[in-house]
**Student:** 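Just dropping this structure here.
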Amino acid sequence: MTEGTISAATKGDATLTRLEQEGEIAADYLEGLLDIADLDGDIDMDVEADRAAVSIVSDAHSRDLQKLVGRDGEVLEALQELTRLAVHRETGDRSRLMLDIGGFRAKKREELAALGAKTADEVKATGEPVKLDPMTPFERKVVHDAIAAAGLRSESEGEEPERFVVVLPA
């Protein structure tokens with residue numbers, strides 16, 4: 001191995017270790033939250049796309065976890081921000097951690113990827129740009145990725161919370 005390869009591998013290991021630490025801190029924080037709220041759930045941790053990913057899952061199809069998701073994922077978004085703040089408090093670094101509860105984000109990701117693919121097909125067929133409804137940053141990212149995979153360009157326009165994706169012809 002060359003010196004550059006060794007340092008790149010070391011840097012990758014350090015990043016993985018940092019993301020795993022973020023996941024551990026987040027898991028501890030969320031375990032405490034579940035205890036306080038007297039809710040059942042298990043914590044799964046992973047590293048996906050250079051982000052710590054933490055999920056709260058339940059064996060039973062519990063309506064309790066739905067309380068932590070809220071209407072349209074609003075409570076989930078707030079819990080994700082609180083969890084990121086808990087990680088920041090411990091590490092001093094800004095976290096990009098992703099939180100999923102009861103598979104809500106995973107299901108949403110599939111739906112949005114399908115919307116992106118369908119919209120890309122529409123833009124390819126008509127040659128006209130298409131504006132989508134306002135979305136959260138997470139939702140826009142998933143749609144942008146789907147549009148890029150289809151070989152088209154997309155942009156975000158507008159101001160939060162009314163920011164939306166515009167899919168452009170090739």
**Student:** What heavy-atom pair brings D72 and F104 nearest, and what distance separates the two atoms?
**Tutor:**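 Of all heavy-atom pairs spanning D72 and F104, the closest is C-CZ, 3.9 Å.
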
**Student:** Salt bridge check, E122 against K124: does any charged N sit closer than 4.0 Å to a carboxylate O?
**Tutor:**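 Salt bridge: no.
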
**Student:** Are any of the side-chain nitrogens in E22 or R18 under 4.0 Å away from the carboxylate oxygens of its partner?
**Tutor:** yes

**Student:** Inspect the surroundings of CD in E159 and state if more than 12 heavy atoms from other residues, nucleotides or ligands are less than 6.0 Å away.
**Tutor:**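 Atom CD in E159 is not packed in, count stays at 12 or less.
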
**Student:** Can you list the residues that meet the side chain to side chain contact (heavy atoms under 4.5 Å, CB included) rule with E48, with sequence neighbours excluded?
**Tutor:** D46, A53

**Student:** Holding to side chain to side chain contact (heavy atoms under 4.5 Å, CB included), I want the full list of residues that pass it with K141, two or more places apart in sequence or in another chain.
**Tutor:** D145

**Student:** Starting at CZ of R84, measure out to CG of L97 and round the result to the nearest 0.5 Å.
**Tutor:** 6.5 Å

**Student:** What is the distance from atom CD1 of I101 to atom CD of Q80, rounded to the nearest 0.5 Å?
**Tutor:**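 The distance works out to 9.0 Å.
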
**Student:** Considering only Ile, Leu, Val, Met, Phe, Trp and Tyr, and joining two whenever side-chain heavy atoms are under 4.5 Å apart, list the other residues clustered with I147.
**Tutor:**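 Grouped by the 4.5 Å side-chain rule, M98, L112, L115, V123, V130, L132, M135, F138, V142, V143, L152, V165, V167 form the rest of the cluster around I147.
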
**Student:** For H144 and S154, test the side chains for any donor-to-acceptor distance below 3.5 angstrom and give the result as yes or no.
**Tutor:** yes

**Student:** Determine, stepwise, if the pair D44 / V57 fulfils side-chain contact (heavy atoms from CB on, under 4.5 Å).
**Tutor:** CA-CA 7 Å; D44 287 342; V57 295; 3.7 Å; yes

**Student:** Nearest 0.5 Å, what's the CG-CZ distance between L19 and R96?
**Tutor:**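 Going from the CG atom of L19 to the CZ atom of R96 covers 9.0 Å.
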
**Student:** Just jot down the side-chain hydrogen bond (donor to acceptor under 3.5 Å, both in side chains) partners of K107, sequence neighbours excluded, or say none.
**Tutor:** none

**Student:** In chain order, what residues pass the salt bridge (Lys or Arg N to Asp or Glu O under 4.0 Å) check against K67, with sequence neighbours excluded?
**Tutor:** D64

**Student:** Quick check: do L33 and L39 have side-chain heavy atoms less than 4.5 Å from each other?
**Tutor:** no

**Student:** Would you indicate whether the side-chain heavy atoms of R163 and S156 approach each other to under 4.5 Å?
**Tutor:**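 Yes. Closest side-chain heavy atoms under 4.5 Å.
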
**Student:** Apply side-chain contact (heavy atoms from CB on, under 4.5 Å) to residues I56 and D42 and explain how you reach the verdict.
**Tutor:** CA-CA 6 Å; I56 301 175; D42 295 320; over 6 Å; no

**Student:** Are P134 and P161 packed together at the side-chain level, in the sense that at least one heavy-atom pair is separated by less than 4.5 angstrom?
**Tutor:**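 Not in contact.
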
**Student:** May I ask you to check whether R71 and Q66 show a side-chain donor-acceptor distance below 3.5 Å?
**Tutor:**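 Absent: no donor and acceptor within the cut-off.
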
**Student:** In plain terms, say whether E139 and K108 are close enough for a salt bridge, that is, a side-chain N and a carboxylate O under 4.0 Å apart.
**Tutor:** yes

**Student:** Mark yes or no for whether D100, through its side chain, and S55, through its backbone, hold a donor-acceptor pair below 3.5 Å.
**Tutor:** no

**Student:** Using every non-hydrogen atom in the two residues, find where P169 and G127 come nearest and quote the distance to one decimal.
**Tutor:** CG-O, 3.2 Å

**Student:** Does the side chain of L76 reach to within under 4.5 Å of the side chain of L68, using non-hydrogen atoms?
**Tutor:**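 When only atoms from C-beta onward are counted, L68 and L76 do not touch, as no gap falls below 4.5 Å.
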
**Student:** In a check of salt bridge (Lys or Arg N to Asp or Glu O under 4.0 Å) between R140 and each of E162, E160, E157, which one passes?
**Tutor:**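 The residue from E162, E160, E157 that satisfies salt bridge (Lys or Arg N to Asp or Glu O under 4.0 Å) with R140 turns out to be E160.
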
**Student:** For the pair D93 and H88, evaluate side-chain contact (heavy atoms from CB on, under 4.5 Å) and give the outcome as yes or no after the intermediate values.
**Tutor:** CA-CA 5 Å; D93 294 326; H88 181 268; 5.6 Å; no

**Student:** Enter the distance from I36:CD1 to E31:CD here, rounded to the nearest 0.5 Å.
**Tutor:**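 The CD atom of E31 is 11.5 Å from CD1 of I36, to the nearest 0.5 Å.
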
**Student:** Can you tell me how far the CE atom of M45 sits from the CD atom of E20, to the nearest 0.5 Å?
**Tutor:** 8.5 Å

**Student:** Can you tell if the side chain of V166 reaches within under 4.5 Å of the side chain of L168, non-hydrogen atoms only?
**Tutor:** yes

**Student:** Identify the two heavy atoms, one from A27 and one from I43, that lie closest to each other, and give their separation to 0.1 Å.
**Tutor:**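 Scanning both residues, the minimum pair turns out to be CB-CG2, 3.6 Å.
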
**Student:** CG of D38: more than 12 outside heavy atoms within 6.0 angstrom?
**Tutor:**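 Atom CG in D38 is not packed in, count stays at 12 or less.
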
**Student:** Going through the distances and angles, do F164 and D133 end up as a side-chain contact (heavy atoms from CB on, under 4.5 Å)?
**Tutor:** CA-CA 6 Å; F164 58 93; D133 292 333; over 6 Å; no

**Student:** So which heavy atom on A146 is nearest to which on A117, and how close?
**Tutor:**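 Scanning both residues completely, I find the closest heavy atoms to be CB-N, 4.3 Å.
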
**Student:** Taking only residues two or more places apart in sequence or in another chain, which ones pass side chain to side chain contact (heavy atoms under 4.5 Å, CB included) with I25?
**Tutor:**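 So I25 forms a side chain to side chain contact (heavy atoms under 4.5 Å, CB included) with Q21, V87, E90, T91.
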
**Student:** Mind listing the closest non-hydrogen atom pair of S58 and L65 along with its distance?
**Tutor:**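 Reported closest heavy-atom pair: CB-CD1, 3.4 Å.
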
